[in-house]
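Contents: one structure, followed by commentary.
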Amino acid sequence: MKKSTIASLVSLAFTSPVFAAENINLEDVVVTASRTQQARTDVVGDVTVINREEIERAGAGSITDLLRTQPGVQISTNGGAGTGSSVYLRGTNADHVVVLVDGLRINSATLGTTSFENIPLAQIERIEILRGPASSLYGADAIGGVIQIFTRKAEAGKPLVHAAVGLGSYDTKTAETGISGSVNALKYGINVSSFDTDSFSAKRIRTGKDADDDSYRNLSASAFLELALAQGHTWALQFFESKGHAEFDNNYENFGEQTLQSYAFTSKNQFTDIWHSTFKLGMGVDDSDSHAKPNTNPASSSYNPKGISKFRTEQQQLTWQNDFNLPLGTLTLAYDRLEQDVNGQSNVKTKFKKERNNDSFLAGYVADIGNHALQLSLREDHNTQFGNYTTGGVGYAYRITPEWRVAANYGNAFKAPTFNQLYFPNFGDPGLSPEKSDNIEASLKYTGHQFNVGMTVFENKIRNLIASVGPATSECTFAGFCPVNVGKVEIQGASFDANWNISDSLLLSGNFTVQSPRDDKTDNLVPRRGNRYGAMNLLHTWGDLQWGAEVTGASTRYNDLANQFKMSGYALVNLTANYRMTPEWKLEMRANNVLNKNYVLSTTKSSFSPNGADYNTAGSNLFVGLRYDMKP
């Protein structure tokens with residue numbers, strides 16, 4: 001492989017015409033970076049926080065639209081709203097990120113990915129993104145990092161109601177409402193949202209069945225109850241459910257139905273002045289049905305007279321975390337158990353039901369001692385399928401001055417094979433081993449009163465990658481497409497973020513990432529990931545009116561590892577505005593892709609289908625909404 005050095009990547013970044021920055025709230029408290037509460041300025045790792053204000057400015061957009069404006073994040077989609085979406089952190093694979101909703105996994109264990117397309121923004125209060133390996137904190141799959149989503153909750157007080165409605169292009173209609181408050185020692189809240197759009201054809205096809213619009217609708221709800229038993233002792237219940245119905249293109253009137261669900265009981269107990277315990281028992285569910293053209297031939301290996309494929313993942317999760325506040329720092333000792341059960345049926349003759357369990361033990365330590373900050377973590381995972389695996393991480397930061405801070409991190413991580421790779425009939429190989437990675441990174445950050453800037457350089461070496469390129473075996477009959485551990489990828493890169501409060505009413509912010517995610521054998525870019533991408537945002541407040549302009553873009557990407565099927569680079573311009581009519585009522589507007597750029601995030605083109613159709617993306621579109629938030 002040609003060795004691309006970090007220095008050359010940094011040089012390339014500074015010669016690029018794009019400059020960007022990120023809006024930082026220095027008062028943010030994050031939990032994802034260490035599984036304990038930390039001030040964002042004290043975190044040793046590379047973390048981004050997306051707050052509710054930023055979410056509301058996204059209008060009727062998706063969570064992937066919001067994520068792709070963040071440092072180190074690229075996305076791909078298979079069409080419009082509700083179609084399959086992938087998120088790539090720092091150039092790693094889509095299944096190299098752990099996604100948590102209120103602390104619970106809700107991903108598909110068959111595919112290994114989370115259905116971002118069915119997590120509506122209306123249900124989200126905030127998002128924390130931890131870039132870099134995190135298996136020593138969260139276990140398998142966190143090679144690229146962790147995205148933790150927190151559903152909407154409110155502080156105690158009188159009942160407060162919020163509601164919003166919106167209309168947009170493609171006959172898009174949205175509505176949401178909720179109430180939260182408290183009665184004596186009991187806090188409560190419930191939120192309901194709906195999303196309905198005609199959208200557009202998932203593929204760029206002008207004739208036949210696939211030329212029609214592929215609509216999407218979603219109905220979601222979340223709720224919580226929290227009871228204060230005594231000072232420092234609480235019990236809580238949480239619930240989240242999202243039901244999506246999406247049409248897609250496959251030369252038939254195809255559609256899919258999916259339910260994402262999570263629920264849990266949590267007990268928090270301050271047993272002593274130094275000992276805080278958190279016990280959580282919960283369940284995450286991904287239940288999907290795909291409706292395709294029936295196969296009525298009983299002799300066929302894919303006989304399916306109803307054309308329905310069903311896949312259901314249930315993940316029962318138990319965590320007991322104990323945090324000890326020591327004279328110097330915080331010690332965390334935790335036990336996690338994950339029980340994964342999968343039922344799959346792609347046709348009458350292809351069914352499987354499998355399960356695996358994982359027990360893990362974690363020790364972590366964080367400390368801020370004068371100008372020094374330290375984070376250590378060590379985790380042992382015992383899995384009934386692939387055996388034992390130990391991961392660790394170490395990070396150190398030093399504050400040179402009150403404004404300048406340097407940090408360095410090392411961590412290793414692993415990804416467990418998916419159930420499809422292991423057990424899918426006539427395809428899976430139960431002997432597959434976990435993918436492994438080693439990552440090292442360093443950062444330099446400046447935090448001032450009006451200007452903040454940061455740079456992080458990283459190198460992630462991933463080995464034992466699972467690729468569907470193997471010969472036929474006793475387990476797999478798809479010669480040339482059987483899963484095997486063969487791949488190696490080296491990802492070197494640098495990300496930059498900054499924000500500048502030009503005045504009390506004008507903010508310029510954004511980010512830029514330059515990276516080299518290349519296959520070790522061919523030196524080609526890995527599919528659907530580019531060398532450069534970023535975003536820039538200008539936000540201006542003028543009395544009760546706030547308006548903004550956003551620019552997002554990415555360089556050339558390829559749909560295949562051979563780098564034969566090119567997806568050109570792009571840059572999009574979006575405009576946002578909101579007007580506060582009263583302290584409680586707000587009018588919102590968002591115009592996306594105002595220059596009507598024609599761009600591609602993914603395609604069906606491959607060596608087997610060189611003339612395949614590209615997946616569609618939205619042209620110029622407009623969304624207008626009205627929001628009400630009752631004040632205390």
Side-chain angles (χ1 to χ4, degrees), residues 28-40 42-45 100-105 125-126 128 130 134 136-139 146 148 150-151 153-157 182-189 223-239 262-284 316-339 357-369 373-382 391-393 395:
D28 281 332
V29 173
V30 298
V31 297
T32 308
S34 64
R35 294 182 44 155
T36 61
Q37 289 191 355
Q38 290 180 280
R40 186 175 177 184
D42 293 336
V43 171
V44 178
L100 304 173
V101 175
D102 293 325
L104 297 173
R105 296 184 184 228
E125 181 66 30
R126 61 187 269 123
E128 295 182 6
L130 172 62
S136 60
L137 292 170
Y138 295 97
V146 177
Q148 181 150 209
F150 299 89
T151 56
K153 295 179 175 63
E155 297 300 320
S182 63
V183 178
N184 298 323
L186 179 67
K187 290 197 292 186
Y188 62 88
F224 78 95
L225 291 171
E226 182 178 304
L227 178 64
L229 303 171
Q231 183 69 31
H233 299 268
T234 62
W235 282 353
L237 296 173
Q238 67 187 58
F239 173 80
S262 69
Y263 49 90
F265 164 78
T266 303
S267 177
K268 295 184 178 181
N269 303 94
Q270 188 75 46
F271 287 123
T272 70
D273 291 341
I274 68 167
W275 177 21
H276 184 271
S277 168
T278 301
F279 175 85
K280 181 187 287 283
L281 177 63
M283 176 73 78
Q316 183 166 302
Q317 298 157 75
L318 181 151
T319 295
W320 185 27
Q321 179 168 320
N322 297 273
D323 300 313
F324 300 92
N325 293 320
L326 307 179
L328 288 178
T330 300
L331 173 67
T332 296
L333 300 176
Y335 166 72
D336 294 338
R337 179 170 174 83
L338 175 64
E339 299 177 0
N357 301 324
N358 194 95
D359 292 286
S360 58
F361 302 88
L362 161 72
Y365 177 75
V366 292
D368 285 287
I369 308 170
L374 179 67
Q375 179 172 341
L376 304 171
S377 55
L378 182 67
R379 180 179 174 118
E380 176 78 13
D381 284 87
H382 302 271
T391 51

side-chain contact (heavy atoms from CB on, under 4.5 Å) between Q317 and R105, intermediate numbers included: CA-CA 8 Å; Q317 298 157 75; R105 296 184 184 228; 3.6 Å; yes

Verdict with supporting geometry, H233 and N269, side-chain hydrogen bond (donor to acceptor under 3.5 Å, both in side chains): CA-CA 4 Å; H233 299 268; N269 303 94; 2.9 Å; yes

side-chain contact (heavy atoms from CB on, under 4.5 Å) evaluation trace for V44 with L374: CA-CA 7 Å; V44 178; L374 179 67; over 6 Å; no

Test log, rule side-chain contact (heavy atoms from CB on, under 4.5 Å), inputs R126 and V30: CA-CA 10 Å; R126 61 187 269 123; V30 298; 4.1 Å; yes

Intermediate values then yes/no, side-chain contact (heavy atoms from CB on, under 4.5 Å), Y188 and V183: CA-CA 8 Å; Y188 62 88; V183 178; 4.0 Å; yes

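Partners of K268 according to the side-chain contact (heavy atoms from CB on, under 4.5 Å) rule, which considers only residues two or more places apart in sequence or in another chain, are T234, T266, H276, T278. Remark: Q148 engages V31, T32, L100, Y138, F150 in a side-chain contact (heavy atoms from CB on, under 4.5 Å) (not counting sequence neighbours).
A salt bridge does not link R35 to D323: none of the charged side-chain nitrogens sits closer than 4.0 Å to a carboxylate oxygen. Under a 4.0 Å N-O distance rule, the pair D381/R379 qualifies as a salt bridge.
The side-chain heavy atoms of F279 and T319, taken from C-beta on, include no pair separated by under 4.5 Å. Side-chain contact between L186 and N184: absent, with no pair of heavy atoms (C-beta onward) separated by less than 4.5 Å. Between R337 and N357 there is a side-chain heavy-atom pair separated by less than 4.5 Å. Contact annotation: the side chain of Q321 approaches that of T332 to within less than 4.5 Å [non-hydrogen atoms, C-beta and beyond].
L237 CG to F265 CZ: the interatomic distance, rounded to the nearest 0.5 Å, is 7.0 Å. Taking CG of L362 as the reference point, atom CG of L333 lies at 8.0 Å (rounded to 0.5 Å). Rounding to the nearest 0.5 Å gives a distance of 11.5 Å between CG of L376 and OG of S34. Atom CG of residue L229 and atom OG of residue S267 lie 7.0 Å apart, to the nearest 0.5 angstrom. Atom CG of L326 is separated from atom CG of L331 by 5.5 Å, given to the nearest 0.5 angstrom. The line from CD of Q238 to NZ of K153 is 5.5 Å long, rounded to the nearest 0.5 Å.
Taking the six-membered ring for Trp and thresholds of 30 and 60 degrees, F324 and W275 have nearly parallel ring planes, at less than 30 degrees apart. A parallel orientation is assigned to the rings of F239 and Y263, their planes being inclined by less than 30° (bins at 30° and 60°).
Counted by atom type alone, T391 and S136 present zero donor-acceptor pairs between their side chains at under 3.5 Å. No hydrogens or angles considered: nothing links the side chains of N322 and Y335 as a donor-acceptor pair under 3.5 Å.
A distance-only check finds no donor-acceptor pair linking the side chain of Q316 to the backbone of G282 [under 3.5 Å]. Checking side-chain atoms of Q38 against main-chain N and O of R40 turns up no donor-acceptor pair under 3.5 Å. A donor-acceptor pair under 3.5 Å is formed between the side chain of Q375 and the backbone N or O of A33. The backbone N or O of G157 sits less than 3.5 Å from a side-chain atom of S182, completing a donor-acceptor pair.
For the pair A134 and L130, the tightest heavy-atom approach, listed with the atom from each and the gap, is CB-CD2, 4.0 Å. In terms of heavy atoms, D368 sits closest to A373 at OD1-CB, 3.3 Å. The nearest pair of heavy atoms linking D336 to L137 is OD2-O, 4.4 Å.
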